[in-house]
Amino acid sequence: MEKEIARPAGIPVLRVSSGDIRSDALNPDHRFASMPLHILNKDGRPGMTRRQCMGEYKVKPIKQKVRELLGYPYPARIPAGVFVEQWVGISTDEFHRAKDADVKYMRNRHPLLDLSWSRSDCVRYLTSLGLADTPKSSCLGCPFHGNAQWRHFRDTSPSEWADVVEFDAAIRQGNARANASGSRLLGEAFLHRSRVPLSKAPIDHVTAAERATLRIGADEADVLEKGVEDGCSPWACRGDADALSQDDFGLAT
């Protein structure tokens, strides 16, 4: 979209990064910000590890870039009244995720809420512009993916599917840094919420949430079935409503 839309409109696209979460998870010498992995305890109880990845790999590098753009890189103090206005694409379906920024040099606006646009409205608008296949932002191996997103990878991108299946197997005992330091996971970790290997997970099962989205209409259902309802952004992670920490299940690592 950068080449076709942003560049002709004179809109710069800036990319920031804080590393590769997959490489960091498998590197025993690298500090790892925990992903919200689905855990199966030795006694059969389910659980979930803490989610730190959004803050470490998304929010932190964005704030660093914003400071740079304002001319006050860390640890410089940003004067009062100096800020950026940040537009966040949260629709009415997710209004509960709309939040104010937690720093004074960033002020959040939610234009889709101002327009009273739902996800369906967004899909209709994108379809009218010939952009119906626009995916929703999410990490390739995010444990918050629903079955539709996993199927989309499997059925349309064999290389990405092979990648996430391999990663799922590689993190079965938790992240490499914790294992190397002697803090081994008391159980097994999985990417899919069924807590079975991704290659064997029941991703062909159509969930109640998927059936609900399919009732919206045939045109939009085709887009939603590809996983548009899944995913997150730095400011509206799907896990805000779903994630539970290990403490909630009495888990330990």
Side-chain angles (χ1 to χ4, degrees), residues 1 5-6 9 11 13-14 16 33-36 38 48-63 65-66 83-129 131-140 142-150 152 193 206-245 248:
M1 298 301 177
I5 298 176
I11 302 173
V13 176
L14 306 177
V16 297
S34 177
M35 295 173 62
H38 301 283
M48 203 167 203
T49 54
R50 288 183 176 87
R51 184 197 64 192
Q52 299 172 318
C53 49
M54 184 179 77
E56 185 75 17
Y57 290 92
K58 294 181 178 181
V59 175
K60 182 178 178 180
I62 288 176
K63 286 182 175 178
K65 187 62 177 180
V66 167
F83 63 91
V84 298
E85 184 177 88
Q86 180 171 250
W87 289 22
V88 185
I90 295 177
S91 64
T92 56
D93 312 81
E94 303 175 324
F95 73 91
H96 58 283
R97 297 180 184 175
K99 303 173 183 176
D100 293 330
D102 61 356
V103 290
K104 293 182 179 179
Y105 60 84
M106 299 170 72
R107 297 185 183 179
N108 290 348
R109 282 194 58 187
H110 303 91
L112 297 179
L113 296 184
D114 294 338
L115 292 168
S116 296
W117 275 23
S118 67
R119 182 185 300 122
S120 303
D121 295 318
C122 296
V123 171
R124 274 193 290 269
Y125 179 68
L126 290 171
T127 301
S128 73
L129 298 177
L131 301 173
D133 290 332
T134 301
K136 193 169 184 180
S137 172
S138 64
C139 297
L140 180 62
C142 179
F144 288 132
H145 284 326
N147 286 347
Q149 188 71 49
W150 290 126
H152 181 61
R193 62 190 60 195
V206 178
T207 64
E210 284 184 72
R211 289 196 296 272
T213 60
L214 291 176
R215 297 190 194 104
I216 294 174
D219 293 338
E220 295 166 25
D222 181 59
V223 178
L224 292 168
E225 176 64 15
K226 294 177 182 178
V228 175
E229 76 276 27
D230 293 330
C232 63
S233 77
W235 315 104
C237 180
R238 184 181 179 195
D240 289 343
D242 300 336
L244 293 172
S245 71
D248 294 319

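No experiment lies behind these values; they were computed from the predicted model shown.
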### Task
Compare every heavy atom of F144 with every heavy atom of R193, then report the nearest pair and how far apart it is.
NH2-O, 3.5 Å
### Heavy-atom side-chain contact between S120 and S91 under 4.5 Å
no
## Note on the structure
Nearest heavy-atom approach of L112 to C122 is CD1-SG, 3.8 Å
### Query
At what distance, to the nearest 0.5 angstrom, does CD of E56 lie from CZ of R51?
13.5 Å
#### Entry: For I90 against R97, the heavy-atom pair lying closest together
CD1-O, 3.5 Å
### Task
Could you check if a side-chain atom of P36 sits within less than 4.5 angstrom of a side-chain atom of M54, using non-hydrogen atoms only?
no
### Sub-4.5 Å side-chain heavy-atom contact between D114 and R109
yes
### Query
So, for C139 and H145, which heavy atoms are closest and what is the spacing to 0.1 Å?
O-NE2, 2.7 Å
### Query
Just how far is it from atom CE of M35 to atom OG1 of T49, taken to the nearest 0.5 Å?
8.0 Å
### Query
Just how far is it from atom CZ of R124 to atom CZ of R119, taken to the nearest 0.5 Å?
12.5 Å
## Note on the structure
When rounded to the nearest 0.5 Å, the distance separating CG of L140 from CD of Q149 is 8.5 Å
### Message
Contact between L131 and I5 at the side-chain level, heavy atoms closer than 4.5 Å - yes or no?
### Response
yes
#### Entry: Heavy-atom closest pair, residues A132 and T127
CB-OG1, 3.7 Å
### Task
Please name the pair of heavy atoms, one in F95 and one in L113, separated by the smallest distance, quoted to 0.1 Å.
CB-CD2, 4.1 Å
### Message
What I'd like to find out is whether the side chain of K63 reaches to under 4.5 Å of the side chain of D102, using heavy atoms alone.
### Response
yes
